[in-house]
J.: 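I'd like to ask you about the structure that follows.
Since the structure is predicted, the reported quantities are computational estimates derived from the model, not experimental observations.
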Amino acid sequence: MADLGYKAGFEEGYRLIKGNNVVVPVCPVAPATPVGRTAYQMGLMKGIEKAGGPKLK
């Protein structure tokens, strides 16, 4: 089964912006997950932000 945690979301978000053939930086520490979000969603948003994409709320 696929790991759908913060780290997986971070890596996916980073690659969405930079492409598949990049070295993904070290994943930051996962913040507390607010109600209505998953750890994967939080990681996805952070990965996109870290790669230079738009900052998502």
J.: Following the transitive rule for hydrophobic clusters with a side-chain heavy-atom cut-off under 4.5 Å over Ile, Leu, Val, Met, Phe, Trp and Tyr, establish whether V22 and F10 coincide in one cluster.
T.: yes
J.: Looking only at heavy atoms, which two atoms of L4 and A8 are closest? And how far apart?
T.: CA-CB, 4.3 Å
J.: Looking only at non-hydrogen atoms, find the nearest pair between A32 and M42 and report the distance.
T.: O-CE, 4.4 Å
J.: Please report the interatomic distance OH(Y6) to CE(M45), rounded to the nearest 0.5 Å.
T.: 9.0 Å
J.: Quick one, C27 and Y14 - any side-chain contact, counting heavy atoms below 4.5 Å?
T.: no
J.: Answer yes or no: is there a side-chain heavy-atom contact under 4.5 Å between K46 and P31?
T.: no
J.: With respect to V24, which candidate in K50, K18, E11 satisfies the side-chain contact (heavy atoms from CB on, under 4.5 Å) definition?
T.: E11
J.: Below 4.0 angstrom, N of the basic side chain to O of the carboxylate: do R15 and E12 qualify?
T.: no
J.: Can you see which heavy atom on T33 is nearest to which on R37, and at what distance?
T.: CG2-O, 3.3 Å
J.: Distance check, rounded to the nearest 0.5 Å: E49 atom CD versus I17 atom CD1?
T.: 11.0 Å
